[in-house]
Structure formats: C-alpha cells, structure tokens
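Remarks on the structure that follows.
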Amino acid sequence: MTAMTVINRIDQCIQARLNVRQKVLIPFITTGDPGLEETLTLMHALVEGGADILELGVPFSDPMADGPIIQRASDRAVKRGVGLSDVFNTVKKFREHNQHTAVVLMGYANPIEAMGVTTFVTQAKNVGVDGVLVVDYPPEEVEELSQTMANENIYPIFLLAPTTSSKRVQSVAQHAKGYVYYVSLNGVTGAGHLDTKQVKTRIHTLREHISIPIGVGFGIRDAETAVTLAETADAVVIGSRLVQLIEETPPEQLESTLRTWIHEVRKALDTHYHA
C-alpha cells in the first residue's frame with residue numbers, strides 16, 4: 001500500500017462500527033482543562049470507556065459558538081497559556097500509546113491563521129491528527145486549508161445546523177470528508193430544549209445531499225438521548241456534559257468518572273444497535 005492510499009483513521013473507526021451495525025461515539029474535551037497531563041489521561045480513559053473518535057478543543061479567547069460550560073473550559077486553558085503547540089504535543093504523546101483512535105481538532109480560524117495554514121497542517125500531520133473542524137470557516141472560504149489538508153490526508157469536518165441553507169448543505173457535501181457534524185440545536189453548545197423529532201426529520205433531509213456519515217451533537221446529556229438521536233444518525237458527539245463533569249468532579253476522581261460515564265453511553269448504544 002502506498003502513502004497515497006493510506007486510509008484515514010476517521011474512516012477506519014467509523015467503518016468498524018457501521019460494519020457491525022453499531023453507532024460511533026465521539027466525545028469532546030477541551031485541551032488543557034483542567035491541565036495538559038489530565039487531558040492526556042482523559043483521552044485514554046475515554047477510549048477505554050468506548051470512544052471511537054476523540055474531538056479535542058483548541059483553547060481560544062473568544063469561543064463564540066460555544067456555550068458557557070465550554071467557554072469556561074477554554075478560558076481556564078487560555079489562562080494557563082495553553083495554545084496550539086500544546087495541543088499538538090498532547091496528540092503526539094497520545095499517539096505514543098494509541099495509533100488507532102481518530103483525533104479531530106475543533107477550534108477557530110484565528111489560531112490557525114496566526115500559525116499559518118501550511119505550518120498548522122504540517123504539524124497536525126506529524127503528530128497524528130486525522131481531522132480538523134474550524135467553527136468559523138465556512139466551506140466557501142476554506143479552500144486553502146482543505147486543499148493543504150487533503151495533501152496530507154487530514155479531513156475537513158463541517159458543522160450543519162437546523163438553519164443551514166440548502167446551498168450551504170450542498171457546499172458542505174462537496175468539501176466534507178469523514179463525517180459531518182449536525183448541530184441539533186439553534187444557538188451555542190450545551191443549550192437546552194432538544195427536540196429529538198425535529199432532529200430526526202432534519203437528518204433524513206440532509207441524507208438527500210450528504211453521502212458520508214452524519215454525527216449529531218449539542219444537547220446530548222445522557223445515554224437515553226444519545227440512543228434516541230442515534231436512531232437516525234451514524235454517530236453521537238458529546239461535549240458540554242463531559243466538560244461539565246470535568247468542571248465539577250474532584251481531580252482524583254476525574255479519570256474514573258469520565259471512563260464510567262462514557263462507558264454507560266457506549267453500553268446503551270450497543271444494547272440498542274448491534275448486528
């Protein structure tokens with residue numbers, strides 16, 4: 001197999017679940033909250049609990065698309081001086097013990113542009129990043145980043161929302177790889193009032209245009225909701241609830257708490273969706 005035909009870990013992780021009619025579980029945590037060593041420990045704990053793909057938040061001073069919980073986590077990490085180089089170093093250390101779990105970086109355009117697109121992509125490739133989701137980069141303006149990532153087999157992941165226009169959906173369908181992340185709520189991450197019926201209807205509509213797997217996130221706070229949304233989605237993304245647990249849990253209990261919590265979601269998904 002040549003370097004040009006190497007399969008992206010995102011595809012591998014998703015296909016492994018879909019092959020046995022199971023759902024993909026994607027937890028999100030913010031790099032550097034509560035600390036960089038803790039982030040690395042929690043990454044491994046989440047995998048042990050049943051995570052397939054890890055989304056790592058890149059701390060940013062103005063995380064406008066995030067709700068108060070993730071904003072606070074990002075703020076805490078920024079105040080500790082955590083930046084992109086620390087995120088890359090964390091992924092590098094993770095890869096020393098795990099070469100199979102996909103890692104997606106989730107953040108904003110400013111830190112990438114400050115570093116430079118080429119440098120960012122080169123470093124991401126070198127440490128083992130598999131995908132990048134840039135919240136404030138619309139697909140029409142992300143061509144340089146997407147092309148540079150494509151050259152290194154790193155996937156651009158895009159958000160779709162209930163208010164996304166059909167034109168934007170079609171644009172995302174052309175650019176996205178791996179999976180798309182459907183935001184199940186209007187507004188910021190962690191908001192309430194999740195209408196699961198509306199989400200299911202919207203996902204059915206999106207499938208008319210989107211051929212790659214669809215993950216759903218924002219507002220998933222327990223295993224029951226994850227199971228319900230997974231009826232129509234290929235993957236569930238859980239962020240604010242995990243970040244809240246990190247915020248509220250004593251340090252010595254963090255690793256076991258997150259491992260157990262994500263394992264309960266994994267078990268619930270596997271009980272309902274299996275070959």
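Values below: every heavy atom of this structure, side chains too, minus hydrogens, waters and symmetry copies.
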| message | One pair to check against salt bridge (charged side-chain N to carboxylate O under 4.0 Å, His left out): E255 and R259. What are the steps and the verdict? | response | CA-CA 6 Å; E255 182 181 356; R259 183 192 296 110; 2.8 Å; yes
| request: Run the numbers on D75 and R80 for salt bridge (charged side-chain N to carboxylate O under 4.0 Å, His left out), then give the verdict. | output: CA-CA 9 Å; D75 184 56; R80 292 188 182 95; over 6 Å; no
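Ion pairing between a basic and an acidic side chain is recognised when a charged N comes within 4.0 Å of a carboxylate O; D234 and R17 show no such pairing. A salt bridge is defined here as a Lys NZ or Arg NE, NH1 or NH2 lying under 4.0 Å from an Asp or Glu carboxylate O, and K79 with D33 fails to meet this definition.
Note: C13 SG to I7 CD1 = 11.5 Å, rounded to the nearest 0.5 Å. Considering OG1 of T90 and CG of L105, their distance stands at 10.0 Å, rounded to 0.5 Å. Here the CD1-CG distance, from I10 to D52, works out to 12.0 Å after rounding to the nearest 0.5 Å. Separating the OG1 atom in T39 from the CZ atom in F94 is a distance of 12.0 Å, to the nearest 0.5 Å. Between H209 atom NE2 and S166 atom OG the span is 6.5 Å, to the nearest 0.5 Å. E247 contributes atom CD, which lies 4.5 Å from atom CZ of R76 (distance to the nearest 0.5 angstrom).
Side-chain N or O atoms of T249 include none that pairs as donor or acceptor with a backbone N or O of I246 at under 3.5 Å. Proximity of a side-chain donor or acceptor of K92 to a complementary backbone N or O of V127 within less than 3.5 Å is not detected. Proximity of a side-chain donor or acceptor of K200 to a complementary backbone N or O of E231 within less than 3.5 Å is not detected.
When all heavy atoms of P59 and V82 are compared, the pair lying nearest together is CG-CG1, 3.8 Å. Nearest heavy atoms, A109 versus D136: N-OD1, 2.8 Å. The heavy-atom pair separating S240 from I69 by the smallest distance is O-CG2, 3.6 Å.
Neither side chain, N8 nor Q12, offers a donor N or O lying under 3.5 Å from an acceptor on the other. When only modelled atom types and interatomic distance are considered, D11 and Q15 share no side-chain donor-acceptor pair under 3.5 Å. A donor-acceptor pair shorter than 3.5 Å can be found between the side chains of Q244 and E248.
Hydrophobic clustering (ILVMFWY, side-chain heavy atoms < 4.5 Å, transitive): V91 and L36 are in distinct clusters.
Counting non-hydrogen atoms of other residues, nucleotides and ligands closer than 6.0 Å to CD of E152 gives a total above 12. Open room surrounds NE2 on H272; 12 or fewer heavy atoms of other groups in view lie less than 6.0 Å from it. Residue-environment remark: NZ (K93) stays at or below the threshold of 12 foreign heavy atoms within 6.0 Å.
Residues that satisfy the ring pair (Phe, Tyr, Trp, His ring centres under 6.0 Å) test with F120, not counting sequence neighbours, are F88. In this structure, the side-chain contact (heavy atoms from CB on, under 4.5 Å) partners of E144, at least two apart in sequence or on a different chain, are V117, T148.
For the side chain to side chain donor-acceptor pair (under 3.5 Å) condition, the pairs that include at least one residue of residues 109-123, sequence neighbours left out, are E113-Y137.
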